[in-house]
*Asks:* 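Supplied in structure tokens, the structure appears directly below.
Naming: A, B, ... by sequence-line order, numbering from 1 per chain.
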Protein chains: 2
Amino acid sequence: MSDPGFACCTPLTGSAMSSEQAEELAALLKALADPVRLRMVSLIASSEAGEACVCDLNEAFDLTQATISHHLKVLHSAGILDREKRGVWVYYAVRPAALSAVANVFSSPALAGASA
Amino acid sequence: MSDPGFACCTPLTGSAMSSEQAEELAALLKALADPVRLRMVSLIASSEAGEACVCDLNEAFDLTQATISHHLKVLHSAGILDREKRGVWVYYAVRPAALSAVANVFSSPALAGASA
DNA sequence: GGATCGTAATGACATCCGTCGATGTGATGA
DNA sequence: TCATCACATCGACGGATGTCATTACGATCC
């Protein structure tokens, strides 16, 4: 198609990121790409015990309890939050590995190209 | 309402992340939370010159040129890609600051809680 | 100047996502 | 046992998003 006989620009190294890896990372980012969920993770992570129960989050946001629960489920399903039921209350805690995985991807020289 | 008379769990430190900051970061993450766009950024960043023209990306993905252009526009609008027209072709280059900003947020102790 | 190529913009469509109200469920306490 | 509390789930609605076909624009070449 069009076959100009020469490359229009420098060739890409090709390795880059596999489709599979991109889908995985995209799922993780999609779970984080929401202001409410971002603040949820931030709140939980910055809490003293590193965890928070749903009742606190319910008061921290101007949203319905159903919506809060929905967002927590999204974050839990993505592997970003751990869920633990203690007595009547349910506590959520951030899984540091998930967040550091994101940090690693975007601080890698292949993507950031800063240190190169 | 309900006034239980005692906190059901440990209090949150409160500072965490502002709504404004959360919206900004969410916009950035939303632009990245797509497998195609993730691979685009990866391809561009891992190219020899750190940039790529649309024609290359057109061949790298099994998508319409219009869709490719759309994704590039999203990434450019989010401040992730720089756009430069040289002759007939348009070159896109990653803006390292945008990616390192994401890396910084998710490697900060307030969010990752790893070093605490 | 006209034809052709590379890219962007537009409009349409299907699907996904955030939010809500209502309901369900399990544990606690009177 | 029954009422209440904490949380999850369901169904629905409006808006955002990914994709395409088509059109428009600017640069290059003959």
*Asks:* So, OP1 or OP2 of D:dT19: does either fall under 4.0 Å of a side-chain N or O from B:Thr64?
*Replies:* no
*Asks:* To the side chain of A:Leu63, which of C:dG18, D:dA8, C:dC20 is closest?
*Replies:* C:dC20
*Asks:* What's the CG-C1' distance between A:Leu75 and D:dA8, to the nearest Å?
*Replies:* 15 Å
*Asks:* May I have the distance from B:Asn58 (atom CG) to D:dC20 (atom P), rounded to whole angstrom?
*Replies:* 11 Å
*Asks:* Roughly, in whole Å, what's the span from CG in A:Leu38 to P in C:dG18?
*Replies:* 12 Å
*Asks:* Think B:His71 has a side-chain N or O under 4.0 angstrom from the OP1 or OP2 of D:dT19?
*Replies:* yes
*Asks:* Do you know which two heavy atoms are closest between A:Ala98 and A:Leu28, and how far apart they sit?
*Replies:* O-CD2, 3.8 Å
*Asks:* Specify the separation, in whole Å, of atom CH2 of A:Trp89 and atom P of D:dC5.
*Replies:* 13 Å
*Asks:* Less than 4.0 angstrom between a side-chain N/O of A:Lys73 and OP1 or OP2 of D:dT9, yes or no?
*Replies:* yes
*Asks:* Rounded to whole Å, please give me the gap between CD in A:Gln65 and P in C:dA22.
*Replies:* 14 Å
*Asks:* Determine, step by step, whether B:Glu51 and B:Arg83 satisfy the salt bridge (charged side-chain N to carboxylate O under 4.0 Å, His left out) criterion, reporting the C-alpha distance in whole Å, the side-chain angles of both residues, the deciding distance to 0.1 Å, and the verdict.
*Replies:* CA-CA 9 Å; B:Glu51 61 181 12; B:Arg83 183 178 181 277; over 6 Å; no
*Asks:* Taking all non-hydrogen atoms of both residues into account, name the closest pair between A:Ala22 and B:Leu38 and its distance.
*Replies:* O-CD2, 3.6 Å
*Asks:* Counting any heavy atom closer than 4.0 Å, what does B:Phe61 reach on the DNA or RNA strands: base, sugar-phosphate only, or nothing?
*Replies:* nothing
*Asks:* Among the candidates D:dC7, C:dA8, D:dT28, find the nucleotide nearest to the side-chain atoms of B:Val88.
*Replies:* D:dT28
*Asks:* Is the closest side-chain donor-acceptor distance between A:Arg37 and A:His71 under 3.5 Å?
*Replies:* yes
*Asks:* Side-chain N or O of A:Tyr92 versus OP1/OP2 of D:dA8: is the shortest distance under 4.0 Å?
*Replies:* yes
*Asks:* Check whether any side-chain N or O of A:Arg83 sits under 4.0 Å from OP1 or OP2 of D:dA8, and answer yes or no.
*Replies:* yes
*Asks:* Using a 4.0 Å heavy-atom cut-off, does A:Arg86 contact any base of the nucleic acid, only the sugar-phosphate backbone, or nothing at all?
*Replies:* nothing
*Asks:* Nearest whole angstrom, please: distance from the C1' of D:dG18 to the CG of B:Leu72.
*Replies:* 14 Å
*Asks:* Answer yes or no: does a side-chain N or O of B:Ser69 lie under 4.0 Å from OP1 or OP2 of C:dA8?
*Replies:* yes
*Asks:* Using OP1 and OP2 only, check whether a side-chain N or O of B:Thr67 sits under 4.0 Å from D:dC20.
*Replies:* yes
*Asks:* Looking at A:Glu23 and A:Lys30, is any side-chain nitrogen of the basic one under 4.0 Å from a carboxylate oxygen of the acidic one?
*Replies:* no
*Asks:* Reckon A:Arg37 has a side-chain N or O less than 4.0 Å from the OP1 or OP2 of C:dG18?
*Replies:* yes
*Asks:* Provide, to the nearest angstrom, the distance between the CD1 atom belonging to B:Ile68 and the P atom belonging to D:dG18.
*Replies:* 13 Å
*Asks:* If you pin B:His70 and A:Ala66 to their nearest nucleotides in DNA chain D, which one's is more 5'?
*Replies:* A:Ala66
*Asks:* Applying a 4.0 Å non-hydrogen cut-off, can you work out what B:Lys30 is touching in the nucleic acid: base, sugar-phosphate, or nothing?
*Replies:* sugar-phosphate
*Asks:* Identify whether any heavy atom of A:Asp34 sits under 4.0 Å from a base atom; if not, whether one sits that close to sugar-phosphate; answer base, sugar-phosphate or nothing.
*Replies:* sugar-phosphate
*Asks:* Measure from CG on B:Asp56 to P on C:dC5 and round the result to the nearest Å.
*Replies:* 18 Å
*Asks:* Are B:Leu43 and B:Val74 connected, step by step, through hydrophobic side chains (Ile, Leu, Val, Met, Phe, Trp, Tyr) whose heavy atoms are closer than 4.5 Å?
*Replies:* no
